[in-house]
Structures are given as structure tokens and as C-alpha cells.
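Here's the structure we're looking at; comments come further down.
All residue numbers refer to positions in the sequence shown, counting from 1.
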Amino acid sequence: MRSYRCLIVLDDVQTIFSSQQLAGNYQPGYENYGAFFKQIAESSHNSCIILLSWEKPREIAALENRPKTCQTLPLNGLGEAAREIFTEKGLAESEKWSKLIDLYRGNPLWLHTAAAAIQDLFNGNVSDFLLYDSLVLGDLEYLLHKHFQRLSDSEKQVMFWLANQNKAVEISKKPAPLELSPSEFLKAVESLRRRLLIEKVQKGDRTLFAVQGAIAEYIKNHTFEQSP
């Protein structure tokens, strides 16, 4: 990496972390990855390493105050560019496509899945699909399940609580219904942020937190062992 200008891409980095624990806890035998990531970020070299992951390594979170050395680039929604997906899938009623994009937050995988269901079940008519009061997940159930089976019990409690709020909420105080200590609550929120499963909403000087619609719908349709 010092002698040559290299680009190294490590995909599915979340597989080296333990399931059912807070984000960033390495599986036994994989702890040296943490030292590796830290050394790459702090050493002098001419190369670049890209980590693709559902979970942010703790070492990366700690080093993000050095933007020239280490930074996180969340993959945001496609916005109106997602219309290309609907065109490819042959959906009708293009005037309603923006509603679909908003519902699924522009997530390309989610939109591909929804568009395939609309074409298969409703012959491409978006308005028929939108008649359902709740968000239709279909094959997204399996995809979201892969995320949620990795969560700790405390994270599941927080996700269940957030999903059942009508709007973004503050976390200045631990919610009374949750059987967690204030420390456990904040650790769970921080861990969920590292998993990008909850989003931060800034309203003036207030910081609020919320769960995206598709994720909230999945949670409401499932019972978690530790749900209050």
C-alpha cells in the first residue's frame, strides 16, 4: 500500500461482527480486524480502502473526526432518479411515482422489489397498490429480517418503541415503557445509528430520531421477544 497506489474493497464487513450484540463487537478470532482498520487509517501510505457494511466498525466511528483520513459515506436514496427503475419495470401512472419514491425513501433495492410486486399483482397500476393503508413489504420481509436477526435485545426494544411513535421523537430522557437503564438505552440508540437503522432529524436546535416507514412497518408486523 506504500509502494503502489492501491484500491482495496472489503464487502459484507458486517459478517465479522457478532449477531445479537451491539454493533461493532467482533466475532471470536476476528478482533485483529479492528487493529488493522485503525492502522490503515493512521499509517502513511498512498492507497485507499473501502469498507461496505451494514455495521460501522467502532474504530471507524472513533476516527471520523479526521475527515482527511477516515469518513463514512451513507448511501442515500435515489430521489427522482428512481423513475428509471419504474420505466424499466413498465409501471403505469408516472404521476404517482414520486409517492412510491417517498414511501420507500428512494432505496433502490426496496423500489425494485415494490415495482416487481406492482407489475405482478396489479398489472403495473400504481394507484391500486397505493390503495393499501399500510406499506406493502412483500419480499422485503426477508431482506429486513436479515438485519433484525443481528440486533441485541436492547436494540429491539428501542426499535419497537420508535416504530410505534407517530413522528420523530427526542431521546433526552429514557422512555418510561422501556425496561432499560438510561445507559443501556443510549448505547442501543448509538448502536442502531451505526447500523443506519434509525435516522436523525434536525428541527431547529432540536435533534429527533425516527425509523423509516418500511422498517417501521416490518417491526409492527412482527413480535419481538423483548418488546415491551
Side-chain angles (χ1 to χ4, degrees), residues 12 14-15 17-24 52-56 74-79 82 85-86 89 91 96-122 126 128-169 171 175 177-180 185 187-201 208-228:
D12 285 334
Q14 75 278 349
T15 58
F17 298 120
S18 297
S19 294
Q20 300 177 354
Q21 293 186 27
L22 296 178
L52 305 177
S53 179
W54 295 353
E55 295 183 27
K56 184 189 299 186
L75 296 179
N76 297 317
L78 293 177
I85 296 174
F86 303 146
K89 295 291 185 182
L91 299 192
K96 298 184 181 298
W97 291 358
S98 293
K99 177 66 173 176
L100 275 181
I101 295 171
D102 289 342
L103 283 173
Y104 292 95
R105 305 304 295 270
N107 185 302
L109 182 58
W110 297 0
L111 290 172
H112 268 290
T113 304
I118 294 170
Q119 187 58 257
D120 184 39
L121 301 176
F122 302 100
V126 176
D128 291 344
F129 179 81
L130 294 175
L131 287 174
Y132 282 81
D133 294 333
S134 59
L135 212 57
V136 179
L137 298 180
D139 290 340
L140 290 181
E141 294 263 355
Y142 170 74
L143 299 172
L144 292 173
H145 179 71
K146 291 175 65 178
H147 283 284
F148 278 83
Q149 68 182 356
R150 299 183 59 83
L151 299 186
S152 66
D153 289 340
S154 60
E155 289 174 301
K156 289 178 182 179
Q157 285 195 46
V158 173
M159 288 296 287
F160 186 86
W161 171 71
L162 279 173
N164 285 279
Q165 306 305 307
N166 295 324
K167 57 185 179 180
V169 295
I171 60 164
L178 298 185
E179 297 178 358
L180 300 171
F185 172 67
K187 285 180 180 179
V189 171
E190 183 180 35
S191 182
L192 291 168
R193 285 285 297 154
R194 288 180 179 172
R195 299 183 195 273
L196 300 180
L197 285 176
I198 60 176
E199 56 186 9
K200 189 161 58 174
V201 181
L208 311 176
F209 292 86
V211 178
Q212 293 184 12
I215 297 175
E217 191 65 32
Y218 170 84
I219 295 171
K220 292 175 183 177
N221 291 339
H222 292 75
T223 301
F224 297 109
E225 292 180 3
Q226 299 297 322
S227 299

### Pairs where residues 111-122 contributes a residue and the test side-chain hydrogen bond (donor to acceptor under 3.5 Å, both in side chains) is met, not counting sequence neighbours
none
### Message
Going by side-chain hydrogen bond (donor to acceptor under 3.5 Å, both in side chains), name the pairs with one or both residues in residues 96-106, residues two or more places apart or in two chains.
### Response
Glu80-Ser98, Arg83-Ser98, Arg105-Glu199
#### Entry: Leu151 and Leu192, any side-chain heavy atoms less than 4.5 Å apart
yes
#### Entry: Atom of Leu162, atom of Phe209 and distance for their closest heavy-atom approach
CD2-O, 3.9 Å
### Message
Within the 4.5 Å heavy-atom criterion, are Leu197 and Val211 side-chain neighbours or not?
### Response
no
### Query
Step by step, would you call Leu144 with Ile219 a side-chain contact (heavy atoms from CB on, under 4.5 Å)?
CA-CA 9 Å; Leu144 292 173; Ile219 295 171; over 6 Å; no
### Task
Mind checking salt bridge (charged side-chain N to carboxylate O under 4.0 Å, His left out) for Glu155 and listing every partner two or more places apart, or none if nothing turns up?
Arg195
### Query
How many angstroms lie between atom CD1 of Ile215 and atom CH2 of Trp110, to the nearest 0.5 angstrom?
4.0 Å
### Message
Just so I know, are the side chains of Gln157 and Phe185 near enough to count as touching, which here means a heavy-atom distance under 4.5 Å?
### Response
no
### Message
Just verifying a value: how many Å separate Leu196 CG and Lys56 NZ, rounded to the nearest 0.5 Å?
### Response
7.0 Å
### Message
In the structure I gave you, are the side-chain heavy atoms of Leu208 and Val169 within less than 4.5 Å of one another anywhere?
### Response
no
### Query
Is the closest side-chain heavy-atom distance between Gln165 and Trp161 below 4.5 Å?
yes
### Summary
Between Leu91 and Ala115, the two heavy atoms sitting closest are CD2-O, 3.7 Å
### Message
Distance check, rounded to the nearest 0.5 Å: Leu22 atom CG versus Arg194 atom CZ?
### Response
9.0 Å
### Query
Atom CD of Glu141 and atom CZ of Phe148: how far apart are they, to the nearest 0.5 Å?
11.0 Å
### Query
In terms of ring plane angle, is the pair Phe122 and Phe129 parallel, tilted or perpendicular, where the classes change at 30° and 60°?
perpendicular
### Message
For Ala188, is there any backbone N or O sitting under 3.5 Å from a side-chain donor or acceptor partner on Ser154?
### Response
no
### Query
Applying the side-chain hydrogen bond (donor to acceptor under 3.5 Å, both in side chains) test to Glu55, which of Gln14, Arg150, His147 qualifies?
Arg150
## Note on the structure
Between Lys220 and Ala163 the two heavy atoms that sit nearest each other are CE-O, 2.9 Å
### Message
With heavy-atom distances below 4.5 Å as the criterion, would you say the side chains of Leu121 and Asp128 are in contact?
### Response
no
### Message
Looking at every heavy atom in both Leu111 and Leu100, which two are closest together, and how far apart are they?
### Response
CD2-O, 3.8 Å
### Message
Side chains of Ile101 and Leu78, heavy atoms from C-beta outward: is any pair under 4.5 Å?
### Response
no
